[in-house]
Amino acid sequence: MAYLRELADYWRTGYDWRAAEAELNAYPQYITEIDGATVHFMHVRSPEPEARPALLSHGWPGSVVEFLDVIGPLTDPRAHGGDPADAYHLVIPTLPGYGFSGPVTEVGWDARRIAKAWVELMERLGYDSYLAVGGDWGAFISLEMARLAPDRVTGAHLSMLLTAPSGAPGELERLSPSDAARLRDVAHFNEDLSGYLVLQSTRPHTLAYSLTDSPVGHLAWYIEKFREWNRKARTPDEFINRDRLLTNASIYWFTGTGGTATQLYCESAKALAALFVPGARPEPVKVPIGVAAYRLDTTPPIRAFAERDYPTICHWSEIDGVGHFASMERPEAFIGDLRAFGRSLAGRQN
(Lines give C-alpha, C1' and ligand atoms only; values in the text may rest on other atoms or scores of the structure.)
Protein backbone atom coordinates (compact mmCIF):
# COMPACT_ATOMS: atom_id res chain seq x y z
CA MET A 1 0.00 0.00 0.00
CA ALA A 2 2.77 2.45 0.85
CA TYR A 3 4.42 2.00 -2.55
CA LEU A 4 1.15 2.22 -4.46
CA ARG A 5 0.06 5.31 -2.53
CA GLU A 6 3.36 7.04 -3.28
CA LEU A 7 3.31 6.02 -6.96
CA ALA A 8 -0.29 7.14 -7.44
CA ASP A 9 0.52 10.49 -5.82
CA TYR A 10 3.48 10.93 -8.18
CA TRP A 11 1.26 10.01 -11.14
CA ARG A 12 -1.18 12.71 -10.08
CA THR A 13 1.23 15.49 -9.09
CA GLY A 14 4.71 14.84 -10.53
CA TYR A 15 4.45 12.76 -13.66
CA ASP A 16 4.62 14.79 -16.88
CA TRP A 17 2.30 13.32 -19.51
CA ARG A 18 3.08 16.15 -21.92
CA ALA A 19 6.74 15.14 -21.93
CA ALA A 20 5.74 11.54 -22.63
CA GLU A 21 3.38 12.73 -25.35
CA ALA A 22 6.19 14.67 -27.01
CA GLU A 23 8.48 11.63 -26.88
CA LEU A 24 5.83 9.43 -28.49
CA ASN A 25 5.05 12.06 -31.11
CA ALA A 26 8.70 12.21 -32.17
CA TYR A 27 8.05 9.00 -34.14
CA PRO A 28 5.84 8.65 -37.23
CA GLN A 29 2.50 7.09 -36.28
CA TYR A 30 -0.52 6.08 -38.28
CA ILE A 31 -4.04 4.69 -37.98
CA THR A 32 -5.52 2.19 -40.42
CA GLU A 33 -8.36 -0.32 -40.48
CA ILE A 34 -7.71 -4.03 -40.89
CA ASP A 35 -10.41 -6.71 -40.78
CA GLY A 36 -12.85 -4.27 -39.22
CA ALA A 37 -10.52 -3.15 -36.41
CA THR A 38 -8.73 0.14 -35.96
CA VAL A 39 -4.96 -0.40 -35.79
CA HIS A 40 -2.47 2.20 -34.58
CA PHE A 41 1.16 1.67 -35.48
CA MET A 42 4.55 3.34 -35.45
CA HIS A 43 6.55 3.10 -38.66
CA VAL A 44 10.14 4.19 -38.14
CA ARG A 45 12.35 3.76 -41.17
CA SER A 46 16.11 3.51 -40.88
CA PRO A 47 18.40 5.97 -42.67
CA GLU A 48 20.49 2.97 -43.77
CA PRO A 49 19.62 1.89 -47.33
CA GLU A 50 20.26 -1.81 -46.59
CA ALA A 51 18.17 -1.93 -43.42
CA ARG A 52 15.93 -4.96 -42.96
CA PRO A 53 12.30 -4.75 -41.83
CA ALA A 54 11.08 -6.04 -38.47
CA LEU A 55 7.67 -5.99 -36.83
CA LEU A 56 7.74 -5.67 -33.03
CA SER A 57 4.65 -6.85 -31.13
CA HIS A 58 4.08 -5.85 -27.52
CA GLY A 59 2.23 -7.85 -24.87
CA TRP A 60 0.03 -7.34 -21.81
CA PRO A 61 0.11 -5.17 -19.76
CA GLY A 62 2.44 -3.45 -22.18
CA SER A 63 2.14 -1.13 -25.16
CA VAL A 64 4.34 0.47 -27.80
CA VAL A 65 6.09 2.08 -24.80
CA GLU A 66 7.89 -1.25 -24.36
CA PHE A 67 10.04 -0.40 -27.38
CA LEU A 68 10.76 3.32 -26.95
CA ASP A 69 14.29 2.68 -25.69
CA VAL A 70 15.22 0.37 -28.58
CA ILE A 71 13.88 2.31 -31.57
CA GLY A 72 16.92 4.58 -31.95
CA PRO A 73 19.65 1.92 -31.70
CA LEU A 74 17.76 -0.52 -33.94
CA THR A 75 16.88 1.96 -36.70
CA ASP A 76 20.07 3.99 -36.61
CA PRO A 77 22.89 1.92 -35.08
CA ARG A 78 25.51 4.18 -36.68
CA ALA A 79 24.31 7.11 -34.54
CA HIS A 80 24.42 4.92 -31.41
CA GLY A 81 27.92 3.51 -31.80
CA GLY A 82 26.80 0.37 -33.61
CA ASP A 83 27.29 -1.32 -36.97
CA PRO A 84 25.05 0.07 -39.74
CA ALA A 85 24.71 -3.50 -41.04
CA ASP A 86 22.48 -4.13 -38.00
CA ALA A 87 19.91 -1.50 -39.00
CA TYR A 88 16.17 -2.22 -39.14
CA HIS A 89 13.06 -0.52 -40.43
CA LEU A 90 10.60 -0.91 -37.55
CA VAL A 91 6.85 -1.39 -37.60
CA ILE A 92 5.42 -1.30 -34.05
CA PRO A 93 1.63 -1.78 -33.95
CA THR A 94 -0.72 -1.49 -30.99
CA LEU A 95 -2.74 -4.67 -30.45
CA PRO A 96 -6.46 -4.41 -31.30
CA GLY A 97 -8.37 -3.58 -28.13
CA TYR A 98 -5.34 -1.86 -26.62
CA GLY A 99 -4.35 1.79 -26.20
CA PHE A 100 -4.33 3.90 -29.33
CA SER A 101 -5.91 1.14 -31.42
CA GLY A 102 -8.94 1.36 -29.14
CA PRO A 103 -11.60 -1.28 -28.47
CA VAL A 104 -12.57 -3.86 -31.08
CA THR A 105 -16.24 -4.09 -32.03
CA GLU A 106 -16.61 -7.87 -32.32
CA VAL A 107 -15.38 -11.07 -30.71
CA GLY A 108 -12.79 -13.36 -32.25
CA TRP A 109 -9.66 -11.25 -31.94
CA ASP A 110 -7.28 -13.93 -30.73
CA ALA A 111 -3.52 -14.16 -31.34
CA ARG A 112 -3.95 -15.77 -34.77
CA ARG A 113 -6.35 -13.11 -36.01
CA ILE A 114 -3.95 -10.41 -34.83
CA ALA A 115 -1.12 -12.20 -36.66
CA LYS A 116 -3.20 -12.17 -39.85
CA ALA A 117 -3.71 -8.44 -39.40
CA TRP A 118 0.02 -7.88 -38.94
CA VAL A 119 0.81 -9.85 -42.10
CA GLU A 120 -1.71 -7.66 -43.93
CA LEU A 121 -0.18 -4.52 -42.41
CA MET A 122 3.31 -5.45 -43.59
CA GLU A 123 1.99 -6.21 -47.06
CA ARG A 124 0.31 -2.79 -47.22
CA LEU A 125 3.57 -1.16 -46.20
CA GLY A 126 5.38 -2.91 -49.03
CA TYR A 127 7.51 -5.34 -47.01
CA ASP A 128 7.69 -8.77 -48.61
CA SER A 129 10.15 -10.21 -46.06
CA TYR A 130 10.69 -9.29 -42.41
CA LEU A 131 11.42 -10.47 -38.89
CA ALA A 132 8.60 -11.03 -36.40
CA VAL A 133 9.72 -10.00 -32.91
CA GLY A 134 7.99 -10.03 -29.54
CA GLY A 135 7.54 -11.18 -25.98
CA ASP A 136 4.44 -12.07 -23.98
CA TRP A 137 1.49 -11.92 -26.43
CA GLY A 138 3.98 -10.62 -28.95
CA ALA A 139 5.74 -14.00 -28.85
CA PHE A 140 2.50 -15.88 -29.58
CA ILE A 141 1.68 -13.44 -32.38
CA SER A 142 5.17 -13.74 -33.89
CA LEU A 143 4.89 -17.54 -33.98
CA GLU A 144 1.45 -17.29 -35.60
CA MET A 145 2.84 -14.89 -38.21
CA ALA A 146 5.57 -17.42 -38.98
CA ARG A 147 2.94 -20.14 -39.41
CA LEU A 148 0.69 -18.00 -41.56
CA ALA A 149 3.34 -16.47 -43.82
CA PRO A 150 6.52 -18.60 -43.86
CA ASP A 151 7.33 -17.15 -47.27
CA ARG A 152 7.46 -13.65 -45.81
CA VAL A 153 8.59 -14.06 -42.19
CA THR A 154 12.34 -14.69 -42.36
CA GLY A 155 12.59 -15.45 -38.66
CA ALA A 156 10.82 -15.12 -35.32
CA HIS A 157 12.70 -13.67 -32.35
CA LEU A 158 10.99 -14.47 -29.05
CA SER A 159 11.54 -12.89 -25.64
CA MET A 160 9.25 -15.50 -24.09
CA LEU A 161 8.46 -19.10 -24.92
CA LEU A 162 6.20 -21.33 -22.84
CA THR A 163 7.47 -24.89 -22.54
CA ALA A 164 5.96 -27.88 -20.75
CA PRO A 165 6.75 -31.56 -20.12
CA SER A 166 5.26 -34.04 -22.57
CA GLY A 167 4.62 -36.71 -19.95
CA ALA A 168 7.16 -39.11 -21.45
CA PRO A 169 8.66 -41.61 -18.95
CA GLY A 170 11.86 -40.39 -17.33
CA GLU A 171 11.60 -36.95 -18.93
CA LEU A 172 11.78 -35.02 -15.67
CA GLU A 173 14.57 -37.15 -14.23
CA ARG A 174 16.79 -36.17 -17.17
CA LEU A 175 16.49 -32.44 -16.48
CA SER A 176 19.56 -30.55 -15.34
CA PRO A 177 19.38 -28.86 -11.91
CA SER A 178 18.95 -25.51 -13.68
CA ASP A 179 16.04 -26.78 -15.76
CA ALA A 180 14.46 -28.44 -12.75
CA ALA A 181 14.57 -25.04 -11.04
CA ARG A 182 12.78 -23.52 -14.03
CA LEU A 183 10.08 -26.13 -13.75
CA ARG A 184 9.63 -25.12 -10.12
CA ASP A 185 9.37 -21.48 -11.26
CA VAL A 186 6.52 -22.45 -13.55
CA ALA A 187 4.82 -24.35 -10.72
CA HIS A 188 5.13 -21.27 -8.49
CA PHE A 189 3.60 -19.13 -11.23
CA ASN A 190 0.65 -21.51 -11.57
CA GLU A 191 0.11 -21.74 -7.82
CA ASP A 192 0.62 -18.14 -6.76
CA LEU A 193 0.86 -15.68 -9.67
CA SER A 194 -1.76 -16.81 -12.18
CA GLY A 195 -4.93 -15.36 -10.64
CA TYR A 196 -5.01 -12.58 -13.24
CA LEU A 197 -4.79 -15.20 -16.01
CA VAL A 198 -7.80 -17.17 -14.75
CA LEU A 199 -9.87 -14.03 -14.24
CA GLN A 200 -9.03 -12.42 -17.58
CA SER A 201 -9.58 -15.70 -19.42
CA THR A 202 -13.03 -16.22 -17.95
CA ARG A 203 -14.53 -12.92 -16.70
CA PRO A 204 -12.80 -10.04 -18.51
CA HIS A 205 -15.93 -7.87 -18.70
CA THR A 206 -16.56 -7.93 -14.95
CA LEU A 207 -12.98 -6.86 -14.33
CA ALA A 208 -13.29 -4.16 -17.00
CA TYR A 209 -15.64 -2.04 -14.89
CA SER A 210 -13.03 -1.67 -12.16
CA LEU A 211 -10.16 -1.06 -14.57
CA THR A 212 -12.02 1.82 -16.21
CA ASP A 213 -13.54 3.30 -13.03
CA SER A 214 -10.68 3.56 -10.53
CA PRO A 215 -7.27 4.95 -11.53
CA VAL A 216 -5.69 3.50 -8.39
CA GLY A 217 -7.24 0.09 -8.99
CA HIS A 218 -6.09 0.29 -12.59
CA LEU A 219 -2.56 1.20 -11.54
CA ALA A 220 -2.39 -1.58 -8.93
CA TRP A 221 -3.54 -4.25 -11.41
CA TYR A 222 -0.81 -3.33 -13.90
CA ILE A 223 2.07 -2.36 -11.65
CA GLU A 224 1.81 -5.63 -9.75
CA LYS A 225 2.83 -7.47 -12.93
CA PHE A 226 5.86 -5.25 -13.52
CA ARG A 227 7.04 -6.16 -10.01
CA GLU A 228 6.22 -9.86 -9.95
CA TRP A 229 7.44 -10.67 -13.46
CA ASN A 230 11.00 -9.87 -12.47
CA ARG A 231 11.80 -12.30 -9.67
CA LYS A 232 14.32 -9.97 -8.00
CA ALA A 233 12.35 -6.74 -8.15
CA ARG A 234 11.23 -5.29 -4.83
CA THR A 235 9.55 -2.43 -6.65
CA PRO A 236 8.99 -2.19 -10.43
CA ASP A 237 11.02 0.99 -10.83
CA GLU A 238 14.06 -0.84 -9.49
CA PHE A 239 14.42 -2.20 -13.04
CA ILE A 240 12.21 0.07 -15.18
CA ASN A 241 12.14 3.86 -15.29
CA ARG A 242 9.18 5.12 -13.26
CA ASP A 243 8.01 7.53 -15.92
CA ARG A 244 8.05 4.70 -18.47
CA LEU A 245 5.80 2.65 -16.19
CA LEU A 246 3.38 5.53 -15.82
CA THR A 247 3.36 6.35 -19.53
CA ASN A 248 2.34 2.78 -20.16
CA ALA A 249 -0.41 2.96 -17.51
CA SER A 250 -1.54 6.35 -18.77
CA ILE A 251 -2.10 5.07 -22.29
CA TYR A 252 -4.48 2.40 -21.01
CA TRP A 253 -6.20 4.87 -18.68
CA PHE A 254 -6.62 7.77 -21.10
CA THR A 255 -7.94 5.52 -23.88
CA GLY A 256 -10.26 3.52 -21.63
CA THR A 257 -8.82 0.22 -22.82
CA GLY A 258 -7.81 -1.31 -19.49
CA GLY A 259 -10.78 -3.65 -19.75
CA THR A 260 -10.93 -4.26 -23.49
CA ALA A 261 -7.28 -5.33 -23.56
CA THR A 262 -8.03 -8.24 -21.23
CA GLN A 263 -10.45 -9.71 -23.78
CA LEU A 264 -7.46 -11.18 -25.63
CA TYR A 265 -7.04 -13.65 -22.76
CA CYS A 266 -10.64 -14.81 -23.09
CA GLU A 267 -10.35 -15.15 -26.87
CA SER A 268 -7.12 -17.16 -26.60
CA ALA A 269 -7.95 -19.23 -23.52
CA LYS A 270 -8.38 -22.55 -25.35
CA ALA A 271 -5.17 -22.11 -27.30
CA LEU A 272 -3.26 -21.33 -24.10
CA ALA A 273 -4.69 -24.35 -22.30
CA ALA A 274 -3.79 -26.62 -25.23
CA LEU A 275 -0.10 -25.84 -24.73
CA PHE A 276 -0.15 -27.70 -21.41
CA VAL A 277 -2.05 -30.83 -22.42
CA PRO A 278 0.35 -33.78 -21.86
CA GLY A 279 1.63 -35.09 -25.15
CA ALA A 280 0.26 -32.18 -27.17
CA ARG A 281 2.51 -30.44 -29.66
CA PRO A 282 2.18 -26.91 -30.98
CA GLU A 283 1.52 -26.41 -34.67
CA PRO A 284 4.84 -26.60 -36.57
CA VAL A 285 6.83 -23.48 -37.37
CA LYS A 286 8.94 -23.73 -40.51
CA VAL A 287 11.00 -20.54 -40.22
CA PRO A 288 14.10 -20.01 -38.04
CA ILE A 289 13.37 -19.15 -34.40
CA GLY A 290 15.58 -17.24 -31.98
CA VAL A 291 14.91 -17.44 -28.25
CA ALA A 292 16.14 -15.03 -25.60
CA ALA A 293 15.71 -16.88 -22.30
CA TYR A 294 15.58 -14.20 -19.60
CA ARG A 295 16.36 -15.92 -16.34
CA LEU A 296 14.46 -13.55 -14.02
CA ASP A 297 11.20 -14.02 -15.89
CA THR A 298 8.51 -15.97 -14.05
CA THR A 299 8.34 -18.80 -16.60
CA PRO A 300 11.78 -19.11 -18.23
CA PRO A 301 11.80 -21.68 -21.04
CA ILE A 302 13.43 -25.11 -20.80
CA ARG A 303 15.59 -25.61 -23.86
CA ALA A 304 15.12 -29.39 -24.20
CA PHE A 305 11.34 -28.95 -24.25
CA ALA A 306 11.56 -25.96 -26.58
CA GLU A 307 13.72 -27.73 -29.16
CA ARG A 308 11.44 -30.78 -28.99
CA ASP A 309 8.42 -28.63 -29.91
CA TYR A 310 10.17 -26.11 -32.18
CA PRO A 311 12.93 -27.88 -34.12
CA THR A 312 13.68 -24.76 -36.20
CA ILE A 313 15.20 -23.00 -33.19
CA CYS A 314 18.63 -21.93 -34.42
CA HIS A 315 19.54 -19.27 -31.85
CA TRP A 316 19.30 -19.55 -28.05
CA SER A 317 20.61 -17.09 -25.49
CA GLU A 318 20.63 -17.43 -21.71
CA ILE A 319 20.45 -13.90 -20.33
CA ASP A 320 20.81 -13.24 -16.59
CA GLY A 321 19.57 -10.22 -14.69
CA VAL A 322 16.52 -9.57 -16.89
CA GLY A 323 12.86 -10.33 -16.34
CA HIS A 324 9.73 -10.39 -18.45
CA PHE A 325 9.87 -6.83 -19.81
CA ALA A 326 13.32 -7.14 -21.32
CA SER A 327 13.21 -4.21 -23.74
CA MET A 328 12.26 -1.90 -20.86
CA GLU A 329 14.48 -3.41 -18.15
CA ARG A 330 17.71 -3.78 -20.12
CA PRO A 331 17.23 -2.50 -23.66
CA GLU A 332 20.87 -3.16 -24.53
CA ALA A 333 20.41 -6.90 -23.82
CA PHE A 334 17.28 -7.02 -25.97
CA ILE A 335 19.00 -5.11 -28.79
CA GLY A 336 22.14 -7.23 -28.65
CA ASP A 337 20.27 -10.51 -28.86
CA LEU A 338 18.00 -9.36 -31.69
CA ARG A 339 21.06 -8.19 -33.62
CA ALA A 340 22.82 -11.51 -33.05
CA PHE A 341 19.79 -13.40 -34.34
CA GLY A 342 19.52 -11.12 -37.35
CA ARG A 343 23.19 -11.62 -38.18
CA SER A 344 22.81 -15.39 -37.96
CA LEU A 345 19.95 -15.26 -40.45
CA ALA A 346 21.95 -13.01 -42.79
CA GLY A 347 24.75 -15.56 -42.67
CA ARG A 348 22.35 -18.36 -43.60
CA GLN A 349 20.98 -16.36 -46.51
CA ASN A 350 24.46 -15.59 -47.78
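Positions are given from 1 along the sequence.
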Within the side chain of Glu329, is there an N or O that forms a donor-acceptor pair under 3.5 Å with the backbone of Gly323? yes
Does any part of the side chain of Tyr310, heavy atoms only, come nearer than 4.5 Å to the side chain of Val291, both counted from C-beta? no
Within one Ile-Leu-Val-Met-Phe-Trp-Tyr cluster: Val186 and Leu193, side-chain cutoff 4.5 Å: no
Please check if the number of heavy atoms outside Tyr209 that lie under 6.0 Å from its OH is greater than 12. no
Between Arg231 and Asp297, is there a donor-acceptor pair closer than 3.5 Å when you use the side chain of the first and the backbone of the second? yes
Which heavy atom of His58 sits nearest a heavy atom of Val64, and at what distance? CD2-N, 3.9 Å
Show your working on side-chain contact (heavy atoms from CB on, under 4.5 Å) between Arg152 and Asp128 and close with a plain yes or no. CA-CA 6 Å; Arg152 293 175 175 268; Asp128 56 10; 4.0 Å; yes
Between Glu307 and Ile313, is there a donor-acceptor pair closer than 3.5 Å when you use the side chain of the first and the backbone of the second? no
Look at the side chain of Thr212 and the backbone N and O of Gly256, then say whether any donor-acceptor pair between them is shorter than 3.5 Å. no
Between Ile251 and Gly99, which heavy-atom pair has the shortest distance, and what is it? CG2-CA, 3.7 Å
Taking atom types as modelled and ignoring hydrogens, do the side chains of Asn248 and Ser63 form a donor-acceptor contact shorter than 3.5 angstrom? yes
Arg12/Asp9 under salt bridge (charged side-chain N to carboxylate O under 4.0 Å, His left out): CA gap, chis, key distance, verdict: CA-CA 5 Å; Arg12 184 175 64 87; Asp9 184 64; 3.1 Å; yes
For the pair Tyr130 and His89, evaluate side-chain contact (heavy atoms from CB on, under 4.5 Å) and give the outcome as yes or no after the intermediate values. CA-CA 9 Å; Tyr130 46 86; His89 302 304; over 6 Å; no
Do you know which two heavy atoms are closest between Arg182 and Ala293, and how far apart they sit? NH1-CB, 4.1 Å
Tell me if a side-chain donor or acceptor on Glu267 pairs with a main-chain N or O of Gly108 at a distance below 3.5 Å. yes
Heavy-atom neighbours of Arg234 CZ exceed 12 at 6.0 Å: no
So Arg343 and Asp86, salt bridge (charged side-chain N to carboxylate O under 4.0 Å, His left out) or not? Walk me through it. CA-CA 8 Å; Arg343 291 184 202 123; Asp86 290 324; 2.8 Å; yes
Would you check if there is a donor-acceptor pair between the side chains of His315 and Ser317 at a distance under 3.5 Å? yes
Asp337 and Arg330: salt bridge (charged side-chain N to carboxylate O under 4.0 Å, His left out), yes or no, with the steps? CA-CA 11 Å; Asp337 198 68; Arg330 272 184 51 200; over 6 Å; no
Within a strict 4.5 Å, meaning less than it, do heavy atoms of the Pro96 and Ile114 side chains meet? yes
With distance as the sole test, does Thr75 use its side chain to make a donor-acceptor pair with the main-chain N or O of Ser46 at under 3.5 Å? no
Measure from the side-chain N and O atoms of Arg244 to the backbone N and O of Leu68, and report whether any donor-acceptor pair falls under 3.5 Å. no
Is there side-chain contact between Tyr294 and Ser159, with heavy atoms separated by less than 4.5 Å? yes
Please walk me through it: do Ser57 and Trp118 pass side-chain contact (heavy atoms from CB on, under 4.5 Å)? CA-CA 9 Å; Ser57 296; Trp118 285 184; 3.0 Å; yes
Hey, could you give me the OH/OG1 distance between Tyr98 and Thr257, rounded to the nearest 0.5 Å? 9.0 Å
Taking the inter-plane angle between the rings of His157 and Phe334 on a 0 to 90° scale, is it parallel (under 30°), tilted (30 to 60°) or perpendicular (over 60°)? perpendicular
For the residue pair His205 and Gln263, confirm or rule out a side-chain donor-acceptor distance under 3.5 Å. yes
When rounded to the nearest 0.5 angstrom, what is the spacing between CG in Leu7 and OG1 in Thr235? 9.5 Å
Check whether any side-chain N or O of Tyr252 sits under 3.5 Å from a backbone N or O of Gly258 as a donor-acceptor pair, and report yes or no. no
Any chance you could lay out the side-chain contact (heavy atoms from CB on, under 4.5 Å) test for Leu161 and Ile289, step after step, and finish with the verdict? CA-CA 11 Å; Leu161 183 64; Ile289 296 173; 5.7 Å; no
Are Tyr15 and Thr247 linked by a side-chain donor-acceptor pair shorter than 3.5 Å? yes
Between Glu144 and Arg147, does the salt bridge (charged side-chain N to carboxylate O under 4.0 Å, His left out) criterion hold? Intermediate values first, please. CA-CA 5 Å; Glu144 291 292 356; Arg147 293 180 178 113; 3.5 Å; yes
Taking Gln29 for its side chain and Leu24 for its backbone only, find out whether a donor-acceptor pair lies under 3.5 Å. yes
Glu50, CD atom: more than 12 neighbouring heavy atoms under 6.0 Å: no
Given side chains that start at C-beta, do those of Phe140 and Leu272 come closer than 4.5 Å, heavy atoms only? yes
Lys232 bridged to Asp320 by N-O distance under 4.0 Å: no
Would you kindly confirm whether Tyr3 and Tyr10 end up in one hydrophobic cluster when ILVMFWY residues are joined by side chain heavy atoms under 4.5 Å apart? yes
Same apolar cluster (I L V M F W Y, side chains within < 4.5 Å links), Val65/Phe254: yes
For residues Val287 and Pro150, determine if any side-chain heavy atom of one lies less than 4.5 Å from a side-chain heavy atom of the other. yes
To the nearest 0.5 Å, tell me how far Asp237 CG sits from Asp243 CG. 10.0 Å
Are the aromatic rings of Phe189 and Trp229 close, with centres under 6.0 Å apart? no
For Trp316 and Ile302, work out which heavy atoms get closest and say how close. CH2-C, 4.2 Å
Distance, nearest 0.5 Å, that separates CH2 of Trp60 from CD of Gln200: 4.0 Å
Can you tell if the side chain of Phe41 reaches within under 4.5 Å of the side chain of Leu125, non-hydrogen atoms only? yes
Closest non-hydrogen contact found for Phe239 with Gly321 is CE2-O, 4.2 Å
Residue that, paired with Asp35, satisfies salt bridge (Lys or Arg N to Asp or Glu O under 4.0 Å) out of Lys116, Arg112, Arg113: Arg113
Between Glu228 and Thr298, do the side chains contain a donor N or O and an acceptor N or O under 3.5 Å apart? no
Quick one, Trp11 and Trp253 - any side-chain contact, counting heavy atoms below 4.5 Å? yes
Rounded to the nearest 0.5 angstrom, the NZ-CG distance for Lys225 and Asp136 is 11.5 Å
Quick check: is Tyr127 connected to Leu338 through a chain of hydrophobic side chains (ILVMFWY, heavy atoms under 4.5 Å apart)? yes
Would Ile223 and Leu197 show up in the same hydrophobic cluster when neighbours are defined by side-chain heavy atoms closer than 4.5 Å? yes
Please report the shortest heavy-atom distance between Pro61 and Phe325, naming the atom on each side. CD-CZ, 3.9 Å
Would you say Ser142's side chain and Gly138's backbone share a donor-acceptor pair under 3.5 angstrom? yes
In this structure, are over 12 heavy atoms from other groups packed under 6.0 Å from Arg203 atom CZ? no
To the nearest 0.5 angstrom, please state how far the OH atom of Tyr196 sits from the OH atom of Tyr222. 12.5 Å
